[in-house]
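Working notes for the structure below.
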Amino acid sequence: MPIQILMPALSPTMEHGKLAKWLVKEGDKVASGKVLAEIETDKATMEVEAIDEGIVGKILVPEGTDGVAVNAPIAVLLEEGEDASAIGAPMPASAKAPSDAAETGRPGEGAGLRGGTPAPTSAATAALPQIANGKANGHGGRIFASPLARRVAKERGVDLAALTGSGPHGRIVLADVEKAPPPGAAQTPPKGQSLTVSPPPAASPLAMTDDQIMALYEPGSYEIAPHDNMRRTIAQRLTVAKSTIPHFYLNIDCELDKLLAARQSLNVRSPKDGPGAYKLSVNDFIIKALALALQRVPDANAVWSERGMVRLKRVDVAVAVAVEGGLFTPVIRAAEAKSLAQISNEMKDLAERARKRRLAPHEYQGGASSISNLGMFGIKAFDAVINPPHSTILAVGEGEQRAVVKGGALTVATVMSVTLSCDHRVVDGALGARLLSAFRGFIEEPVSMLV
C-alpha cells in the first residue's frame, strides 16, 4: 500500500514550513534514514529523513513551496511491486506556492484567491490511504520517532517507549520529548488537583486592521514585503510574552576594569592554534557570570507552568544572536560547569551556524534565562522582552568610562549598565535583586569565576 510522507513538525512551535529543496526525484529508491528534502522552519533549515524504504512514487509539493502545513502530504512512497499509476492526489490545499503569495500581495491569504490553486475536494484528498510514514508506533517492538526526538530523549534520559507520539500516526516528535517529565518526576498532578491550562490571549480590540493601516498611506507610496516564517514567529511569541508575562525591570551598574585586564591576560596566554586555542570576549564572561549567579540563586533558575514551578537542575543560558531578518537564541548547556574557553568556542560555533540558519531546534530551546547584548552598537541601557518560557532576560549595555566616586574621591572607571527583565510570577523583586547582585559580584571579581 502506498505510504504518504507528511510534512514533519520540526519544532514545538512549527505549524507551517517551506519545502525548500527535494534531494530525491520520482522513481528514486530510498532506504530508511536517507535524506529526502530540506525544510525551512521558522528558525532554521532542517533535513528530513525517510522512515521506511521504498520508491518515490509521486512528489505532491514542489520545492520552493511555502506555507505547507504540518502533517500535510508532501510525497508518496511506493512499496516494492506497487504501481505508481494509482497515485493521483493533487497538492494539498494547505500548501501555497510562492507565486500565490506574491500575487495576492499579503501573506496568509488562502489558496484559490486571485488566481491561486483551488482547494481539492474531500474525494481528491482521500485518493491516497491515510497511513503514516511507517507502521503503527510500537508495533513489532519498533518505536517510531524522529531522529531529533531520539537524540534529545537520549540526552535527557527520557524513555521513548513511555511516550505517546503526537506526530503523524503516533510518531514521536521533539514536542513529545520536550513535554515529557524528567526521569523520576511525577507525571500526574497531585490528588485532588487538576491541571489547568491558560487560554491564549484574545486579540486586542484596539489593534488596527490591515485595511485601516493601508488607508493611512497614499496608493503607490509603499510596497508590501511579506513576512517570512522567522519574523512572523517572533511577532507572535513576543506579543504573547507582553500579553501574558507580568514584566518588571531591575537595573544595576558593573565595573569592568578587572574583567578587561583578566580578559587581556588570558587571551595573551592562549595557544596560537589547535584545539586548546581561544579568544575570550566580554560576552563570554557575561555568560559565565550569569550562569554562576543562577547557580548561586537557584530559585531564579526556574520557569512558570500551571502545574507548578519548574525548577531546573542545570543552568542553560540562551544568548541572542542577530541574523538577517530576526534573531536566534542558541543555548549554552550547563554553562555553570564549563570553562570560559569552552563557552567562548561553543558560542562562536553556535553563532556562526545561527547566521547560516543551520541550528537544530534543540540548540535554541530550553533554559530559564537569556542574554541580549547591544553594547557593541553603542546602546547604554535598554529593557528586553522575556522570551517564553524563560523567566528572566539580561539586557547588556555598552561598557564606557564614567566618573565614579570611590572612598570619597572622584575617579574614572569602565562601567556597564545591565537591566534584568523578570517574570513576576517566578522572580519577585528581592529574588531578582539577589540574582543581579551575584552577577555583579562575578563580573567585578572575575577571578571568582575560575574557582
Side-chain angles (χ1 to χ4, degrees), residues 11 13-21 39-45 61-69 72 91-119 200-245 247 320-329 354-357 372-388 393 395 397-398 419 421:
S11 74
T13 59
M14 179 177 171
E15 297 179 355
H16 299 82
K18 178 180 180 179
L19 206 160
K21 184 179 181 181
I39 305 294
E40 289 184 9
T41 70
D42 53 345
K43 290 281 190 178
T45 300
V61 178
E63 62 181 35
T65 302
D66 203 353
V68 184
M91 186 175 81
S94 55
K96 183 174 69 175
S99 58
D100 295 333
E103 192 170 356
T104 61
R106 294 183 183 178
E109 291 186 359
L113 300 178
R114 302 185 66 176
T117 305
S204 169
L206 301 179
M208 297 181 69
T209 66
D210 283 359
D211 290 340
Q212 289 173 327
I213 293 172
M214 302 309 170
L216 300 176
Y217 305 96
E218 296 180 4
S221 67
Y222 61 85
E223 61 181 19
I224 297 176
H227 303 301
D228 62 11
N229 289 337
M230 176 179 286
R231 179 50 57 187
R232 190 176 294 279
T233 299
I234 290 172
Q236 291 171 346
R237 287 178 61 82
L238 295 189
T239 298
V240 169
K242 291 296 287 186
S243 302
T244 62
I245 297 177
H247 285 64
V321 175
V323 301
E324 185 177 355
L327 58 85
F328 276 94
T329 53
R355 294 185 183 100
K356 297 177 181 177
R357 300 199 180 191
S372 179
N373 189 345
L374 295 179
M376 67 286 294
F377 298 105
I379 302 301
K380 183 176 180 179
F382 67 103
D383 300 336
V385 181
I386 297 170
N387 183 28
I393 181 171
E398 179 185 25
T419 302
S421 303

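Predicted, not measured: the structure shown is a model, and the values here were computed from it.
A pairwise comparison of heavy atoms in T244 and V240 identifies OG1-O, 2.7 Å as the closest pair. Contact between N373 and G397 at its shortest, heavy atoms only, is OD1-O, 4.4 Å. Nearest heavy atom pair, residue V323 against residue R355, reads CG1-CA, 3.7 Å. Scanning both residues, N229 and G17, for their nearest heavy atoms gives ND2-CA, 4.1 Å. The shortest non-hydrogen separation linking T239 to A235 is OG1-O, 2.6 Å.
Other residues, nucleotides and ligands place more than 12 heavy atoms under 6.0 Å from the CD atom of Q212.
With respect to T233, the side chain to side chain contact (heavy atoms under 4.5 Å, CB included) criterion is satisfied by exactly one of M230, R231, R237: R237.
Not a single donor-acceptor pair under 3.5 Å links the side chain of H247 to the backbone N or O of S421. Remark: the backbone N or O of A320 is not paired with any side-chain donor or acceptor of S372 at under 3.5 angstrom.
No side-chain heavy atom of E398 sits less than 4.5 Å from a side-chain heavy atom of K380. Here the side chains of L19 and I39 are in contact, with some heavy-atom distance below 4.5 Å. With a 4.5 Å cut-off on side-chain heavy atoms, V385 and I245 do not count as touching.
How far CD1 of I234 is from CG of L327: 4.5 Å, rounded to the nearest 0.5 Å. In this structure, the separation between NE2 on H16 and CG on D66 is 9.5 Å, given to the nearest 0.5 Å.
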Under 3.5 Å, which donor-acceptor pairs link side chains of residues 215-226 to any protein atom two or more places apart or in another chain?
{"residue": "S221", "atom": "OG", "partner": "E218", "partner atom": "N", "Å": "3.4"}
{"residue": "S221", "atom": "OG", "partner": "E218", "partner atom": "O", "Å": "2.5"}

